[in-house]
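Written out below as structure tokens is the structure these notes cover.
Atoms within a ligand are numbered from 1 in the order they appear, just like the ligands themselves.
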Amino acid sequence: MSHPNTFPAYRGQLEYLCLGCGARYDIGELHYTCPSCGAVFVLVDNTFDELKKTSAAQWRTLFDQRAATKNPALRGIFRFYELMAPVLEEEDILFLGEGNTPIVDSPPALRKTLGIKTAYKNDGQNPSASFKDRGMACAFSFLKSLIRTKGWTEVLAICASTGDTSAAAALYASYVGGAVKSAVILPAGKVTPQQLAQPLGSGAVVLEVPGVFDDCMKVVEHLADNYRVALLNSKNAWRILGQESYAFETAQWYDWDMRGKCVFVPIGNAGNITAIMGGFLKLHELGIIETLPRVFGVQSHHADPVYRYYAADAGSRSFAPVAVTPSVAQAAMIGNPVSFPRVRHFAEKYEALGGAGSFQVIQVTEQQIMDSMIQANRHGHIACTQGGECLAGAKRALELGLVSKEETLVLDATAHHLKFIGFQEMYFENTFPAEFGVTPRPELANRPELIITQDEKQALAEQDYVVKAAGNVVSRLGLAKK
Ligand SMILES: *Cc1c(COP(=O)(O)O)cnc(C)c1O
Ligand SMILES: [Zn+2]
């Protein structure tokens, strides 16, 4: 077994595998969808079986030792290099502090109220404050390797996204610099100041087109088909690989014992749930984990195509895109998920190994998402709305009898609370547009209270003001003298 600081010797043989027609393509070219049938890819390592020559115990030891590595190339998501993108050279690997996010148990008070054991994996603690950094670290490391080996002097890193994807892409592009030009395409007038702040701050060229997200996506795809462009939306299979690190880290956090663990993940374009299932399957195949955790996807009733698909009996399932209506789980508000074929691919394998109920999709309401996010954050969590969606899903799963009090429910806070602060504000101010269908619960609303007016303050001498204001605090909070 090599020293944990030493870059791994193993090199795999990665290929794009088309989930539509089964064709395989070399990774020497940038591909996003199958040139012959248009379906999405997954990346497969043709020499994966060689990894089985190393025992499960040895893998666990190696990954545990690497958790203390001093080598930056192995400090983040590439701690699990052999399982992820074992074609990259050390010099190409980027590390901006992504990965290694903590799993924080819900405090006893919240567990008591809920009647279940929940914990949040805080993926908002990634550098651009969402899990998208996991995938970008991998996609940009691969891009660096292409630039180096092919001698490219220019490549455009581009994505169409109103949120976390463009924030993450712009961050990594600005770090790499050099041959990498960075642009994001956004729907004009449909983006909040928070959403613009990150790509603008990272120096990306921010281009706007009239219309909606789909209009942006079409432009980006046309560019990717005809120019040297690195497309960083979730069609990019390298992003899925990087996001598998979430599963690896979760298993390692629980000392590779996934018995009694249920992992809750919000589903939008379905890349993340794909990656998480794929990651657990790899660990299981190598015996690194003996039990697959159960995986629960969660969708809002305003954007629930994957829920609808799996709600039908196994024999009569057919996929149909849905027309979405506004959702507070904005990053998951997608009616026709790009990665749906990937979900189907992995869910089938997952259920075959884990048995019935090992993969399920739960539907929740907008109201439940908002109430749950606020409830979580009032107990020391830092969940975004999609994180709230996971807690809502956990409660719903308990209600439906799908989980038990003995299990531990690991919820994915996919972004930092602060990224979706506008929804909290609407909740607290009671200003939700009707189409969300959210009515704030008074006991969860929170607002600043003026403790003394400007006029009262001005009329008092300084010491009298302090006594008066402090007196008002005492009566507001019912403080007792020490
Ligand atoms: C992208 C995103 C999602 C949805 O993930 P998919 O991979 O598209 O299913 C959920 N939450 C946040 C914060 C995101 O940025
Ligand atoms: Zn194909």
Considering only heavy atoms of [X], which atoms of ligand 1 have at least one such atom less than 4.0 Å away?
| X | value |
| --- | --- |
| Asn269 | 6 (P), 8 (O), 9 (O) |
| Gln386 | 10 (C), 11 (N), 13 (C) |
| Ala415 | 13 (C) |
| Gly271 | 6 (P), 7 (O), 9 (O) |
| Asn272 | 6 (P), 7 (O) |
| Asp164 | 12 (C), 13 (C), 14 (C), 15 (O) |

Ligand 1 and Gly268, any nitrogen or oxygen pair closer than 3.5 angstrom? yes
Looking only at distances, can you tell me whether any N or O atom of Ile267, backbone or side chain, sits closer than 3.5 Å to an N or O atom of ligand 1? no
Is the contact between Ala331 and ligand 1 made by the side chain, the backbone, both, or neither, using heavy atoms and a 4.0 Å cut-off? both
Within reach of ligand 1, part of Gln243 (heavy-atom separation under 4.0 Å): neither
Nearest protein heavy atom with distance in Å, relative to [atom]:
| atom | value |
| --- | --- |
| atom 14 (C) of ligand 1 | Lys132 NZ, 2.8 Å |
| atom 12 (C) of ligand 1 | Thr414 OG1, 3.2 Å |
| atom 5 (O) of ligand 1 | Phe131 CZ, 3.5 Å |

salt_bridge([X], [Y]) N-O dist < 4.0 Å:
| X | Y | result |
| --- | --- | --- |
| Asp105 | Arg111 | yes |
| Asp123 | Arg134 | yes |
| Arg396 | Glu399 | yes |
| Arg239 | Glu244 | no |
| Arg79 | Glu249 | no |

Do Thr250 side-chain atoms and Tyr246 backbone N/O form a donor-acceptor pair below 3.5 Å? yes
Ser339 OG to Phe41 CZ distance, which is reported to the nearest 0.5 Å: 13.0 Å
Separation between CD1 of Ile334 and CD1 of Ile267, rounded to the nearest 0.5 Å: 11.0 Å
Pick from Lys395, Arg441, His381: which one makes a side-chain hydrogen bond (donor to acceptor under 3.5 Å, both in side chains) with Gln375? Lys395
If we check side-chain contact (heavy atoms from CB on, under 4.5 Å) with Tyr120, which of these qualifies: Asp412, Leu409, Leu411? Leu411
Does some non-hydrogen atom of Ala270 fall short of 4.0 Å from ligand 1? yes
Need one value: angle at the Zn ion (ligand 2), Cys21 atom SG versus Cys37 atom SG, rounded to 10 degrees. 120°
